[in-house]
Amino acid sequence: AQYDAGAAAGAVAPDAATLRQRAEAIRAAVRHAWQGYRKLAWGRDELVPIAGKGVDKKFNHAVTMVDALDTLWIVGLKEEFHEAKEWLANHLPAKLRGITSGVSVFETTIRSLGGLLSAYDLSREPVFLDLAKQLGQRVNSAVGANGVTPYTFGGGSGGMRCRSLAESGTNQLELRYLSHVTGDPSFSAKADLFYAEIRNKASLDGLWPNCFQSGRGKITFGADGDSFYEYLLKVWLQNDGKEDSLWEMYDQAVDGMEKHLVKQGNDGLTYLGNANWNGGSTAPAHIQEMEHLTCFVPGWLALGAKTTKGEKSRERRMKLAASIAYTCWQMYEQQPTGIAPERVKGMRMDLSATDTREYILRPEALEGWWYMRELTEDPRYREWGWKAFLSFEKWLWVENGYASLKDVRKTEKKYI
């Protein structure tokens, strides 16, 4: 069951005509999802596809519309893009001013601020930068003097009931980009201080517990930890590799991950689990639970390995990246629906040890495979993505968009 690099190298890439047909199918899928939103949820945070109505989930600033802008542009749906732009230009400023204290800073940053900045970067439409500056000021105002960011704009905590790694370590890309394009360093000044802050907290071989201020607890590349580690490398790349401390944090985190979180299953697959650490010199307790969220890791490993600084450990880390990417593929391939669950427990792909078998439209596996395809030119990764897409079309497509599946082991369309 192990990933075979030799066999992968022998995989045949589809011809140009086939790729064009696939691109058109994916464009049609994006159009289908967008049309459902436009018809039934225009200006609302999200579409509830089964009920066929729009809802606002606390955000109340058309999060789906903002988040989808770059996707519309990339797939060539420019008419839809410009219609959204006009609506946002007229309505978003008031909605941003009305963001309430219970709204998630984290989600607003990655979805809304990131969406506006991506739309600006692709289209160079000034309206998106103007809106991003307005939202960036709100996000920046929530960041503490030491770079620590709460979960909500009102200072509240999220599911971990603490200040988490992801909350404080997932705004630097956006705020630094905003400083860069506006020439105003104040947008990123406070957020950048988090890196010095975290380096002064207890860690285990480059890994911090999600509740980093307590110096103990859950260590994971899944929920509440994932994007902190992701951003270490991407922020380092964003600044042309000039900050050695960020590379060192990334490099040590990879080593720590391999040492404490990576395990080989009886099926020969390479699993990326979690750990519980009591701090100090205590050994962490391994938790055999691989979250779908962790499937960003292959791309993260490969992106670092392909840099000049990554040359020394490149071969080993590319092999690890390929192994984890293959496990993520098996999370899809071994389910009757061809779709992966939220997590796999006990390193058992039949999900006999897993009680969270739902699929809630997670993108991480496809992201990981995309990076692997781009960085290795191995056609296998694109084939995995295409097969997953076909499964989405078969099982998730509903009249008004795409729905979340309740149990990926059951070949019946029961949605959440």
Side-chain angles (χ1 to χ4, degrees), residues 66-67 69-70 73 96 99 104-151 153 163-201 206 208 212 224-253 296 299-300 303-304 306-310 367 371:
V66 177
D67 202 1
L69 288 167
D70 53 355
W73 181 277
L96 296 182
I99 289 175
S104 165
V105 182
F106 171 82
E107 295 288 349
T108 299
T109 300
I110 63 172
R111 298 186 64 188
S112 304
L113 184 55
L116 291 168
L117 292 172
S118 297
Y120 171 71
D121 194 65
L122 291 165
S123 70
R124 291 291 153 175
E125 294 273 6
V127 63
F128 294 124
L129 183 56
D130 291 340
L131 292 168
K133 285 192 285 188
Q134 295 170 43
L135 183 53
Q137 286 165 355
R138 287 299 308 272
V139 170
N140 192 29
S141 69
V143 180
N146 56 358
V148 175
T149 304
Y151 181 68
F153 282 95
R163 298 291 183 256
S164 79
L165 280 179
E167 290 158 13
S168 294
T170 315
N171 52 27
Q172 288 79 12
L173 277 176
E174 291 84 357
L175 292 173
R176 281 181 172 215
Y177 180 84
L178 192 51
S179 283
H180 172 71
V181 293
T182 62
D184 182 352
S186 70
F187 281 113
S188 61
K190 285 192 295 181
D192 280 345
L193 296 175
F194 179 64
Y195 291 128
E197 177 75 9
I198 193 69
R199 283 195 294 271
N200 287 322
K201 302 297 182 186
W208 282 269
F212 62 90
D224 291 297
D226 48 359
S227 47
F228 161 72
Y229 296 105
E230 174 195 359
Y231 273 41
L232 290 176
L233 175 65
K234 291 181 178 177
V235 173
W236 176 77
L237 287 167
Q238 187 184 39
N239 196 26
D240 298 324
K242 292 174 183 173
E243 293 164 276
D244 288 344
S245 60
L246 291 176
W247 172 266
E248 287 161 11
M249 290 169 74
Y250 163 75
D251 193 43
Q252 289 165 13
F296 83 92
W300 179 76
L303 193 60
K306 290 290 187 176
T307 65
T308 303
K309 272 190 176 289
E367 175 197 346
Y371 274 106

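Side-chain atoms are counted along with the backbone in the values below, which use heavy atoms only and exclude waters and symmetry mates.
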I need the [X] [atom1] to [Y] [atom2] distance, nearest 0.5 Å.
| X | Y | atom1 | atom2 | result |
| --- | --- | --- | --- | --- |
| W208 | S164 | CH2 | OG | 14.5 Å |
| K234 | Q172 | NZ | CD | 13.5 Å |
| M249 | L232 | CE | CG | 5.0 Å |
| L96 | R138 | CG | CZ | 8.5 Å |
| T170 | D226 | OG1 | CG | 7.0 Å |
| L237 | L246 | CG | CG | 10.0 Å |

Measure from the side-chain N and O atoms of [X] to the backbone N and O of [Y], and report whether any donor-acceptor pair falls under 3.5 Å.
| X | Y | answer |
| --- | --- | --- |
| N146 | V148 | yes |
| T307 | G310 | yes |
| N239 | G241 | no |

[X] and [Y] ion-paired at < 4.0 Å:
| X | Y | result |
| --- | --- | --- |
| K309 | D244 | yes |
| E197 | K201 | yes |
| R176 | E243 | yes |

Exercise for the section: Kindly state each residue pair satisfying side-chain hydrogen bond (donor to acceptor under 3.5 Å, both in side chains) with at least one member in residues 110-120, sequence neighbours excluded. Expected result: H61-S112, D67-R111, Y120-R124
Side-chain contact test, heavy atoms from C-beta onward, threshold under 4.5 Å: evaluate it for [X] versus [Y] and give yes or no.
| X | Y | answer |
| --- | --- | --- |
| K133 | D130 | yes |
| S104 | Y151 | yes |
| T149 | S168 | yes |
| V143 | L193 | no |
| L117 | L113 | yes |
| L175 | D192 | no |
| Y195 | V235 | yes |

How close do [X] and [Y] get, counting heavy atoms only, and between which atoms?
| X | Y | result |
| --- | --- | --- |
| G225 | A166 | N-CB, 4.1 Å |
| N140 | K190 | O-NZ, 2.9 Å |
| F212 | R163 | CE2-O, 3.3 Å |
| Y250 | G304 | OH-CA, 3.3 Å |
| W73 | S123 | CZ3-CB, 3.5 Å |
| Y229 | A253 | CD2-CB, 3.8 Å |

Handout entry: Test applied, side-chain contact (heavy atoms from CB on, under 4.5 Å); reference residue, V139; option that passes from F106, F187, F153
Key = F153
Fill in the blank from the handout: Across all chains, not counting sequence neighbours, the side-chain hydrogen bond (donor to acceptor under 3.5 Å, both in side chains) partners of D224 are none
Problem - R199 and S245: CA distance, side-chain angles, deciding distance, side chain to side chain contact (heavy atoms under 4.5 Å, CB included) verdict - result: CA-CA 10 Å; R199 283 195 294 271; S245 60; 3.6 Å; yes
Exercise for the section: Determine whether the side chains of N171 and Y231 contain a donor N or O and an acceptor N or O closer than 3.5 Å. Expected result: no
Exercise for the section: Please report the C-alpha distance between L135 and I99 in whole Å, then the side-chain angles of each, then the deciding distance to 0.1 Å, and finally whether the side chain to side chain contact (heavy atoms under 4.5 Å, CB included) criterion is met. Expected result: CA-CA 10 Å; L135 183 53; I99 289 175; 3.8 Å; yes
Exercise for the section: Check the angle between the aromatic planes of W236 and W247 and answer parallel, tilted or perpendicular using the 30° and 60° thresholds. Expected result: tilted
Practice task
Begin with the C-alpha distance, continue with both residues' side-chain angles, and end with the deciding distance and a verdict on side chain to side chain contact (heavy atoms under 4.5 Å, CB included) for L178 and L129.
Solution key: CA-CA 8 Å; L178 192 51; L129 183 56; 3.9 Å; yes
Practice task
Could you tell me if the ring centre of W300 sits under 6.0 Å from that of Y371?
Solution key: no
Handout entry: side chain to side chain contact (heavy atoms under 4.5 Å, CB included) assessment of D121 paired with F128
Key = CA-CA 9 Å; D121 194 65; F128 294 124; over 6 Å; no
